[in-house]
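Beneath this line is the structure, given in structure tokens, with notes to follow.
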Amino acid sequence: MVKKIIAKFEVEYLQVLKHNGRFYPNLIPKLPESDIQKMYELMLLSRKLDEKMLALQRQGKIGTFAPVKGQEASTVGSAYAMGYQDWFFPSFRENPAYITRGLPAEFTLLYHGGDERGNQITPGVNAFPIAVPVGSQTLHAVGFAYGLRLQGKDSACITYFGDGATSEGDVNEAMNFAGVFNLPVVFICQNNQYAISLSRKNQTNAETIAQRAIGFGIKGIQVDGNDIFAVYRATKEALERARNDEGPTLIECVTYRMADHTTADDSSRYRSSREVSFWKKRDPLLRLELYMLKKKIQNYNYFDDIEDVISERVESIVARGESYPPPNVEDIFKFTYKEMPWFLKEQLEELKKTIK
Amino acid sequence: MVKKKKQIKKKSKQKNVLNMVEALNQALFQEMNQDEDVVILGEDVGLDGGVFRVSDGLQKKYGKERVIDTPLAESGIVGFSIGMAAAGLKPIAEIQFSGFLYPAVNQIISHASRLRNRTRGAYTCPLVIRAPCGGGIRALEHHSESMENIFIHTPGIKVVMPSTPSDAKGLLISAIRDPDPVIFYEPKRVYRSIKEDIPKESYEIPLGKARISREGTDVSILTWGSVVKDCNEVADSLKEKVSVEVIDLRTLKPLDIETVIESVKKTGRVVIVHEAPKTSGFGAELIALINEKALLDLQAPVIRVTGFDTIFPLYKLEKHYMPNHDRIMKGINDVLNY
């Protein structure tokens with residue numbers, strides 16, 4: 001009888017910027033100060049837009065949406081690492097990624113205001129629309145990456161999903177396909193600790209989500225998801241490996257959903273205020289602010305002023321969203337197939353007869 | 001020069017007698033040849049040529065990059081194909097048996113069918129999902145069902161089911177070239193049971209067009225899939241007494257409503273024959289459409305001869321589940337003697 005260890009694995013963790021603003025200098029990404037400031041402003045814009053959307057939802061001006069508060073570093077940091085030729089496939093809590101990649105921010109207001117035109121992606125943004133069925137989008141990223149490679153394109157794909165999604169078959173199938181075909185895909189798990197009410201530790205008995213990668217024979221790493229430098233660095237490296245045909249990577253961003261799951265949720269039912277305040281001290285914006293002050297990238301005056309500047313931007317985004325004329329009733333039918341079949345033409349005509 | 005001409009003439013006279021598997025295989029070869037973006041993927045489709053050999057020889061000719069043996073995961077195969085289609089490829093995904101399509105239903109209903117609509121036409125999903133379907137071949141459990149109505153009921157999806165080698169080839173070529181997602185059901189009872197001399201060159205049979213398989217004036221049979229053959233045989237056996245029109249719908253969505261209604265108006269008597277379960281089967285929708293468009297032309301209530309609302313039996317009893325000759329005959333008698 002032979003009994004021996006035939007394989008051993010390790011799980012890497014990366015943190016660059018600690019929550020108190022102190023950092024590991026050798027790990028700071030080589031970015032111009034202007035980029036760091038831009039990253040901060042994108043995070044702040046996401047935060048302010050989130051707050052505004054919450055107000056609009058409470059006023060009945062938009063419908064249910066999933067706030068992203070608390071996850072700005074993991075989303076902006078990873079999207080900022082993308083090259084112009086790369087693509088991303090988000091779930092439903094990645095609005096900062098769209099903003100970072102240049103999608104007009106009013107689109108999200110349109111979409112959540114019940115107008116499908118908000119799902120359109122402007123050319124060059126290189127993204128799929130949001131995916132509501134949990135984890136289902138990860139397969140699209142993998143297939144898309146295969147398509148790009150077959151067409152000789154030098155692009156990589158990012159797909160975002162949550163800790164809850166790691167229990168879905170599709171996410172596991174996607175990582176497996178990516179591994180088997182050695183595809184240029186970066187899987188970014190936004191481990192925000194909750195899938196609605198189910199905590200991360202009840203989602204899986206695995207110690208980390210990053211270690212899931214081992215089972216699929218792909219690279220996995222856990223990063224401090226509230227540390228924008230760690231997220232940026234890990235994503236940048238993973239994308240470069242992907243483009244160099246070195247295979248997919250799973251990045252687990254350990255972060256925290258500071259808001260409710262959606263506007264229809266009440267998170268006080270399943271988590272303590274003590275826990276919430278623990279994470280509040282780890283707010284990703286606060287951390288970068290401390291760093292920028294310490295490195296004299298900006299001073300206190302800037303941080304006083306920028307709030308107002310961004311708030312004004314949010315107001316103009318809302319105004320642009322509200323300026324859209326209402327959608328046409330034909331639009332319900334027009335995009336079901338390329339050519340409208342007879343039965344849809346009939347149904348549209350019937351509907352029109354009842355519209356005064 | 002003259003000699004060459006003669007050769008071509010001789011060649012075109014060469015017969016191309018194929019069964020459905022071979023006809024589908026020929027269609028795949030021709031489409032892969034004419035469009036580099038066409039790719040084939042699924043379980044055992046490459047090295048093994050598919051468990052029914054529909055993709056036989058393709059990987060050898062077009063390589064592993066375009067004829068892809070995937071891991072065993074149906075949702076994975078379809079979700080992966082959606083991404084490929086959006087990236088500009090024309091994937092043909094094989095699901096080994098239609099009974100294994102269900103893990104992929106979420107990807108089909110939540111994504112493939114909706115991508116065009118969700119993006120107001122900016123992103124599309126020109127994807128074909130091939131799936132052998134239906135009973136009558138003494139198969140293992142889960143290998144005999146006809147659940148096409150799930151997808152006929154799904155907005156944004158087209159559903160095709162050929163019943164002959166000739167239609168299989170032309171419809172598959174049309175499905176591959178179609179800009180929308182198509183579920184392409186292949187009745188495996190027909191795979192090797194019918195041979196036809198079909199055009200060797202590539203040809204399209206448009207989606208949404210039925211085929212009048214037998215012309216008649218007394219009663220219309222509306223049918224599709226493997227039971228078209230049975231309906232034809234029954235119609236032929238009754239030739240001296242009753243003039244039966246057999247319409248093979250071929251495409252279930254979008255349905256060829258004109259051909260259906262024209263026939264109903266001509267005969268006034270309709271029998272619908274399908275393998276799928278009766279309740280909420282596509283036959284029910286056909287009756288509703290006939291009522292909407294030709295109620296006063298009917299001489300008798302429409303009769304349905306279908307599979308039952310039961311689990312498909314294992315093979316010792318399957319001949320009773322299938323709409324067999326006796327049951328089709330009874331349906332015709334009932335509608336004539338109303």
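FYI, side chains are in, hydrogens and waters are out, and symmetry mates aren't considered; it's all heavy atoms of this structure. First the proteins, then the strands, lettered A, B, ... as listed; each starts at 1.
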Any idea which heavy atoms bring [X] and [Y] closest together, and the distance?
{"X": "B:A87", "Y": "A:Q151", "answer": "O-NE2, 2.8 Å"}
{"X": "A:L139", "Y": "B:G76", "answer": "CD2-CA, 3.5 Å"}
{"X": "B:H111", "Y": "A:S136", "answer": "NE2-OG, 2.6 Å"}
{"X": "B:I77", "Y": "A:F177", "answer": "N-CZ, 3.8 Å"}
{"X": "A:T336", "Y": "B:N117", "answer": "N-OD1, 4.4 Å"}

What part of [X] gets closer than 4.5 Å to chain A, counting heavy atoms only: side chain, backbone, both or neither?
{"X": "B:K90", "value": "neither"}
{"X": "B:A86", "value": "both"}
{"X": "B:K158", "value": "both"}
{"X": "B:I68", "value": "side chain"}
{"X": "B:V78", "value": "neither"}
{"X": "B:P179", "value": "side chain"}
{"X": "B:T70", "value": "both"}

Test item: B:D180 side-chain N/O and A:K338 main-chain N/O as donor-acceptor pair under 3.5 Å
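Yes.
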Looking only at atom types and distance, does a side-chain atom of A:Y337 sit under 3.5 Å from a main-chain N or O of B:P181, one as donor and one as acceptor?
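No, because the side chain of A:Y337 does not come within donor-acceptor range (under 3.5 Å) of the backbone of B:P181.
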Reported [atom1]-to-[atom2] distance for the pair [X] and [Y], which is rounded to 0.5 angstrom:
{"X": "B:I82", "Y": "A:Q137", "atom1": "CD1", "atom2": "CD", "value": "12.0 Å"}
{"X": "B:L115", "Y": "A:F335", "atom1": "CG", "atom2": "CZ", "value": "13.0 Å"}
{"X": "B:L207", "Y": "A:E339", "atom1": "CG", "atom2": "CD", "value": "12.0 Å"}

Residue [X] excluded, over 12 heavy atoms near [atom1] under 6.0 Å:
{"X": "A:E116", "atom1": "CD", "result": "yes"}
{"X": "B:L47", "atom1": "CG", "result": "no"}
{"X": "A:R149", "atom1": "CZ", "result": "yes"}
{"X": "B:K266", "atom1": "NZ", "result": "yes"}
{"X": "B:E36", "atom1": "CD", "result": "no"}
{"X": "A:E246", "atom1": "CD", "result": "yes"}
{"X": "A:Q347", "atom1": "CD", "result": "yes"}

If you define the side chain from C-beta out and look only at heavy atoms, does anything of [X] sit under 4.5 Å from [Y]?
{"X": "A:P341", "Y": "B:K253", "result": "no"}
{"X": "A:F181", "Y": "B:P71", "result": "yes"}
{"X": "B:L289", "Y": "A:F343", "result": "no"}
{"X": "A:Y146", "Y": "B:E65", "result": "yes"}
{"X": "B:T119", "Y": "A:F128", "result": "no"}
{"X": "B:R118", "Y": "A:I130", "result": "yes"}
{"X": "B:F80", "Y": "A:E173", "result": "no"}

Are side-chain N/O atoms of B:Q107 and A:H140 paired as donor and acceptor at under 3.5 Å?
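Yes, A:H140 and B:Q107 have a side-chain donor paired with an acceptor closer than 3.5 Å.
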Heavy-atom proximity to chain B below 4.5 Å, by part of [X]:
{"X": "A:D331", "answer": "both"}
{"X": "A:E168", "answer": "neither"}
{"X": "A:L344", "answer": "neither"}
{"X": "A:V180", "answer": "side chain"}

Only pairs of heavy atoms separated by less than 4.5 Å count here; which of A:A127, A:C157, A:A141, A:P123 has the most with chain B?
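Winner by heavy-atom pair count: A:A127.
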Against chain B, work out which of A:K153, A:K334, A:E346 has the most heavy-atom pairs shorter than 4.5 Å and name it.
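Ranked by heavy-atom pairs under 4.5 Å with chain B, first place is A:E346.
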